[in-house]
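Numbered from 1 within each chain, the chains take letters A, B, ... in sequence-line order.
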Protein chains: 2
Amino acid sequence: MKDKFVEINDLLVEIYDDVIRIEEYSIKQGVFSDISITEIHTIEAVGLYGSKTMSEIAAQLEITMGTLTTAVDKLIKKGYLERSRSEVDRRIVNVSLTKRGKLAYRIHEKFHMDMVKAVMEDMTEAEEEVLLTALRKLNKHLKEIYNPAKS
Amino acid sequence: MKDKFVEINDLLVEIYDDVIRIEEYSIKQGVFSDISITEIHTIEAVGLYGSKTMSEIAAQLEITMGTLTTAVDKLIKKGYLERSRSEVDRRIVNVSLTKRGKLAYRIHEKFHMDMVKAVMEDMTEAEEEVLLTALRKLNKHLKEIYNPAKS
DNA sequence: ACTATATATTTTGATTATCAAAATATTTGT
DNA sequence: ACAAATATTTTGATAATCAAAATATATAGT
């Protein structure tokens, strides 16, 4: 029984490390070798559709707005993002993806999908279902640990 | 079909983020609030038993030895690690855990085990097996992507 | 309408983790 | 004994991050 826990833990740790490394590597090899994983995650948080405010993006990424300001500055300079002041409330800054930003978003998304597909290719329908159920449970448990008030 | 891939991907991304946050939080709340996750990972790489050389640790963590030198300096100052020159080959530096380092290692290990246990508590035996199989497959696939020569 | 307070963002000054390349110390091969 | 190889540290630089101060704008109370 204990061995099973240990094996699952070790697998999770290894998978975790490999995913970071593969993601890092795939960005550095790809068309967008001028951005980091952190920057890809900022691009993801901005999202394909419309624009988001600095506060929204910072909240989603769980970083301070100061950190985000410099991140956005750099991504604008590199041509992935654009900034505009809200006409309604001039304190608010709206951030959106440029064409280049959208392309980077889509390519990164495809990388993720390809990884999941590769893994599930030789799974049976039943295995897929159980994996899905297990992941949903894992996710739910983690949310409860992270924010017990909500459980 | 596509939806299933998307859901699994999204679950993995969420789980991934939550694990970092919970780990970070649990360290900062705990007895060892003076060390970071990165530092816990260095402590893990040194290991409970005997000692390891700088090269071995740097290779395991996939960081340069320069980075490791400063990390080890700090962990020695904080009382988690100790350094000693090899008597056999005086170029080699051996690093090992102090009592405090071992305690930090064990507490972090327990945190991991508790997380896995919490997740598996309400899984059936069959679900556990499928999860294990799926994770083994995922891990194998990732290793192949990461290092295609070995596949 | 004025003024104080609240809100959204940026700037400033600092820290940590990281790397590549140069420097140092030691061992090994001829 | 000396050149080459090896193990590690030092140096100088960059990226990501934070907290707190500063700035700009909006809102609420009188």
Taking atom [atom2] of [N] as reference, at what distance in whole Å does atom [atom1] of [X] sit?
X: A:I20; N: C:dA17; atom1: CD1; atom2: C1'; answer: 14 Å
X: B:K52; N: D:dT8; atom1: NZ; atom2: C1'; answer: 18 Å
X: A:I63; N: D:dA19; atom1: CD1; atom2: P; answer: 12 Å
X: B:I37; N: C:dT15; atom1: CD1; atom2: C1'; answer: 17 Å
X: A:E24; N: D:dA16; atom1: CD; atom2: P; answer: 10 Å
X: A:K28; N: C:dA20; atom1: NZ; atom2: P; answer: 12 Å
X: A:I92; N: D:dT25; atom1: CD1; atom2: P; answer: 13 Å
X: A:E62; N: D:dC18; atom1: CD; atom2: C1'; answer: 14 Å

- Query: Would you say the base of D:dT25 and the side-chain of A:R90 have a donor-acceptor pair closer than 3.5 Å?
  - Reply: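 It does not, because no donor-acceptor pair links the side chain of A:R90 to the base of D:dT25 below 3.5 Å.
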- Item | Listed nucleotide nearest any side-chain atom of A:M54, set C:dT10, D:dA26, D:dT10 |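 Closest nucleotide to the A:M54 side chain: C:dT10.
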- Query: Among C:dC19, D:dA26, D:dT8, which nucleotide sits nearest the side chain of B:T64?
  - Reply: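 Comparing C:dC19, D:dA26, D:dT8 against the side chain of B:T64, the answer is C:dC19.
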So what does [X] touch, heavy atoms closer than 4.0 Å: a base, only the sugar-phosphate, or nothing?
X: B:T67; value: base
X: A:M65; value: base
X: B:T53; value: sugar-phosphate

- Item | Audit row: A:V6, B:M113, side-chain contact (heavy atoms from CB on, under 4.5 Å) steps and yes/no | CA-CA 7 Å; A:V6 173; B:M113 278 306 116; 4.2 Å; yes
Between [X] and [N], does any side-chain N or O lie under 4.0 Å from OP1 or OP2?
X: A:R83; N: C:dT10; value: yes
X: B:K74; N: C:dA17; value: yes
X: B:S55; N: D:dA7; value: no
X: B:T69; N: D:dT9; value: yes
X: B:S36; N: C:dA17; value: yes

- If we only count heavy atoms from C-beta on, is the A:E23 to A:H112 side-chain gap below 4.5 Å?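 Yes. Closest side-chain heavy atoms under 4.5 Å.
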- Message: If you define the side chain from C-beta out and look only at heavy atoms, does anything of A:N94 sit under 4.5 Å from A:R83?
- Response: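 Of all side-chain heavy-atom pairs linking A:R83 with A:N94, none is under 4.5 Å.
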- Which residue, A:N94 or B:A71, contacts DNA chain C at a nucleotide closer to its 5' end, judged by nearest heavy atom?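 Nearer the 5' end of the strand: A:N94.
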- What orientation do B:Y16 and A:Y16 show, parallel under 30°, tilted 30 to 60°, or perpendicular over 60°?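 Parallel.
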- Query: Cluster partners of A:V130, using ILVMFWY side-chain heavy atoms under 4.5 angstrom, listed by chain and number?
  - Reply: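 Joined to A:V130, directly or through intermediates: B:V130.
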- Query: In terms of the nearest nucleotide of DNA chain D, which residue is placed more toward the 5' end: A:G66 or A:R91?
  - Reply: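 It is A:G66 whose nearest nucleotide is closer to the 5' end.
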- Task: Would you mind telling me which residue lines up with the more 5' stretch of DNA chain D, A:T38 or A:E87, judged by nearest nucleotide?
- Result: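 Its nearest nucleotide being more 5', the pick is A:T38.
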- Query: Salt bridge check: are A:D73 and A:K77 linked by an N-O gap of less than 4.0 Å?
  - Reply: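 Answer for the salt bridge query: no.
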